[in-house]
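Presented below is the structure to which this report refers.
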Amino acid sequence: MSYFHYIACSRELPIGRFGVKPMAVYDSYAQYMRSVHYTHCDDSEDERLMRYGGDVAVYATEDDLRYGIRIDPFQLARSYPVDADWTKIPQKQLRTEERLFRKNFTLPHLYAAFFSRHNCAASFLCQWLAPGDRAELFTHWASDLRPRSKANDVIIDLQAFVEGRICVEEEAGNSGFVSFIAPKEPREDPRLLLLSDETARIAVCLK
């Protein structure tokens, strides 16, 4: 079953595909199935695959996949600018899922995120959050979009992650909603640089 990640942040994040370059990217799963990279698995999907919305990226190894992430601006149903503060749009103009996001998120900049490991998402946020910034991660199964259960919420101080005191995968793996507190200072991860062939927009660079 597929699941989806959404990130809300107190500042704009860079968008695009970051990390290890995949061997190939296909426009659809059907196109991937006709490719030389297709691997049939009886009980599970190939562990070298990552689905980016409609795209399918194939990585050389599962370890490469661990350091792949794509960030897309969340597209509102109506013709609002991609950088619009969606929390201020009248609720009657929002789609059902957008109304649900408004109940869950408290931060203005919303993105669709595609990654296979929470540690990768945490490393990405450590690069772009300045002291005082916050981020929120909401994860749901494709067929099970419902309000979050606040009893299972997790708060993660990214400074503890930077210092190696926690594993975000273990802390956040079973939670549908995670709040991140920025580390003491941004920390660049050379494994998560913007891929050179991406036509991404860097929304805001830290100064």
For residues Val178 and Val168, determine if any side-chain heavy atom of one lies less than 4.5 Å from a side-chain heavy atom of the other.
no
Considering only heavy atoms from C-beta outward, does the side chain of Asp72 approach that of Phe114 to under 4.5 Å?
yes
Is there a donor-acceptor pair closer than 3.5 Å between any side-chain N or O of Ser179 and the backbone N or O of Ile155?
no
Indicate if Leu107 and Ile181 have the same hydrophobic cluster label, given that clusters are the connected sets of ILVMFWY residues with side-chain heavy-atom separations under 4.5 angstrom.
no
What about Phe161 and Val154, same hydrophobic cluster or not, with Ile/Leu/Val/Met/Phe/Trp/Tyr joined at side-chain heavy-atom distances under 4.5 Å?
yes
Within a strict 4.5 Å, meaning less than it, do heavy atoms of the Ile71 and Pro14 side chains meet?
no
Tell me whether the count of non-hydrogen atoms from other residues, nucleotides or ligands lying under 6.0 Å of CD in Glu185 goes above 12.
no
On a heavy-atom basis, which atom in Gln159 and which in Lys184 lie closest, and how many Å separate them?
OE1-N, 2.8 Å
Is the shortest heavy-atom distance from the side chain of Phe115 to the side chain of Phe124 under 4.5 Å?
no
Heavy-atom check, side chain of Ile69 versus side chain of Arg117, under 4.5 Å:
no
Short side-chain to backbone donor-acceptor contact, Tyr111 and Leu13, under 3.5 Å:
yes
Can you classify the ring geometry of Phe177 versus Phe138 as parallel (below 30°), tilted (30 to 60°) or perpendicular (above 60°)?
tilted
With side chains defined as the heavy atoms from C-beta onward, is the minimum distance between Ile166 and Ile156 less than 4.5 Å?
yes
So, do Leu129 and Cys9 sit near enough that their side-chain heavy atoms are less than 4.5 Å apart?
yes
Is there a side-chain contact between His118 and Leu137 (heavy atoms, below 4.5 Å)?
yes
